[in-house]
Amino acid sequence: MQTRARPNRLGIRGWVVGGRWGFERYLYTLHRLSGLGLLAYFVMHIFVTSTRAIGPESWDQAMSAVSGPLFAVGEYLVFAAFAFHAVNGIRLGAIELGFAVGRPIEPVYPYETSVGRQRRLARAVLMIAFVVAVWGGLDFFAWK
Amino acid sequence: MTETTTRQVTFDVRRYEPGTDAEPHWESHRIDVLPGMTVLDGLWKVKELSAPSLAWRSSCRMGICGSCGMLINGRPRLACNTQIAELKSDVVAVAPLPNFSIIKDLVPDLRPMFETHRELMPYLIRDDVEEQDDPTREYWQTPHELEHYLQFSYCIKCGCCMAACPTVATDPQYAGPMPLGQAQRYDADSRDGGFAQRREALSGGRGPWRCHFAGECSQVCPKGVDPAKAIQLMKGEMVADLLRLRKRRAPAPLVEPPKGPRREEIPAAPERTVTEA
Amino acid sequence: MRDRTLWTWHIGAGLVILVLLGLHMTIMHLSATLGFLGVADAEPTEWASVAARAGSLFFTLTYVLLLGAALYHGFYGFRNILMELDPGRTLRRVIDVGLSVVGLALFAFGTWAALAAPGAATMGG
Ligand code: SF4
Ligand code: SF4
Ligand code: FES
């Protein structure tokens, strides 16, 4: 039977707003964004640091090109993104290999889900990433 | 005497008539609501009083047939399993489940989900085909082994999880939480020997690797099936298998059913009605 | 089951990055922290420090390892995102080939830079 069914996929909107339940949804979005940011920086970074192959002059030139407060803030953002991506990555690795989701249980109302099971882990991720980012911030800007 | 206080609620219903409407549109209906009314009851009232052509799917009205999944106030739920009161709102917005095409009004086209479900072989795969067709004995399974999959077997295939999944939202290749959860339900069954076959069926973009544990599916599942858990356990098993760390086991053996003394008052089994073709 | 293998490598590479990039970040940016730990170092981006690291076999090896792991992890993740946008058959092919070529080229270039630095700890000197 052919129907003239109308497509109704949420599309990329579904990556951000699909259900809006659980803050893991935002960790998922943030993980993607920080990952893309890190990748972009990394590719740039390869080119900047490869100047050392040519010699001290070009290295110093490259270093002075990427100095200044704007770049310091940029580098700090990269550091913070790395802190989040790394800690959240540990959580995801543990979960996605089936370690942190618990065993199958008898579903008795109100249902306890694997999302709830790992929620403490997710909170810890945010806290650790935050602490590392603040620590790094102090080291970057305050403790000279 | 029980007090029955009625209150008025606005039902915003997303309507779409194929062939006539270019786009789905919202339609508003005011109805009186009694305590204890579900969203499904409300839809019947709307249909009875002001929108006779309104279409949706429902059958059991008790959360067991899986036909009444809808997007209710932004969240995929079963209409029969959702009290209007629990929404804590004077507006009840009902739309068809997203990520499925709309056949009409609130009726989603679930066929792609069921096709994938079938392709992932949601049944026991064993060599003793004759025994399965015409059982003579039982498959041995302990209560502990039952627990490995029991939770996942409560799935009613309502599709709420599919409507919540951010990957399904963009990627039609991805199998989605329901079919993957059901594949894991059989992979985890000690009577099954189909892991390798399902592993092949899961190759390509449809496999569990597209799941990033946003966890939405498990949050919305009305039966506590927790497909996200099933999918992560599946990934763990499959990686273990790749690293040759997965414990191999033969599917459960056949055993004679226990033969105790038969209680008098239990009638004998009726005669077979189905004979060999 | 190509996807399973690729994904498993993605996780493995993530682990490598976690260790090596953690080290890299600490050495490069957390000078005060290193000071607390008693490993006060010269300014890490001074040419002298750069040349000293280039001359160390440990740093050269870990640079190349980190380069490879990070490129793989990053490009696989990027591919994942692109694939979930449901590109057509041809586009999928283009993405696969394109990302592999760019990734390999960057790896070759980065490895060359790590090995060619003056005084680098390579066999040729
Ligand atoms: S897993 Fe839950 S939400 Fe998904 S189809 Fe089954 S019962 Fe419905
Ligand atoms: S946990 Fe996986 S299957 Fe469930 S909603 Fe998230 S991405 Fe989809
Ligand atoms: S009508 Fe059967 S589940 Fe709602």
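Predicted model only: the values in this text are computed from it and were never measured. Protein chains get the first letters and strands the later ones, always in sequence-line order, with residue 1 at the start of each. Scope of the values below: all heavy atoms of this structure, side chains included, with no hydrogens, waters or symmetry mates.
- The closest side-chain heavy-atom distance from A/Arg9 to B/Val168 is below 4.5 Å.
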**Item:** A/Arg25 and B/Glu216: CA distance, side-chain angles, deciding distance, salt bridge (Lys or Arg N to Asp or Glu O under 4.0 Å) verdict
**Value:** CA-CA 7 Å; A/Arg25 181 47 148 299; B/Glu216 293 292 325; 2.7 Å; yes
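- The distance from the OG1 atom of A/Thr113 to the CD atom of B/Gln219 is 5.5 Å, given to the nearest 0.5 Å.
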**Request:** Give the C-alpha distance, both sets of side-chain angles, the deciding distance and a yes or no for side chain to side chain contact (heavy atoms under 4.5 Å, CB included) between A/Val101 and B/Phe213.
**Result:** CA-CA 10 Å; A/Val101 287; B/Phe213 200 75; 4.1 Å; yes
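- Heavy atoms closer than 4.5 Å to chain A are found in the backbone of B/Pro222, but not in its side chain.
- Proximity of A/Tyr111 to B/Ser218: side-chain heavy atoms (C-beta onward) are nowhere separated by under 4.5 Å.
- For a residue to count as touching a neighbouring chain, one of its non-hydrogen atoms must lie under 4.5 Å from one of that chain's; by this rule A/Ile95 touches chain B with backbone and side chain alike.
- Put simply, CG on B/Leu71 and CG on A/Asn8 are 9.0 Å apart, with the number rounded to the nearest 0.5 Å.
- Rounded to the nearest 0.5 angstrom, A/Ile105 CD1 and B/Asp226 CG are separated by 7.0 Å.
- In this structure, no portion of B/Asp21 lies under 4.5 Å from any heavy atom of chain A.
- Proximity of B/His212 to A/Arg32: side-chain heavy atoms (C-beta onward) are separated by under 4.5 Å at one or more points.
- Neither the backbone nor the side chain of A/Arg117 comes within less than 4.5 Å of any heavy atom in chain B.
- Residue A/Glu106 touches chain B through its side chain alone, counting heavy-atom pairs closer than 4.5 Å.
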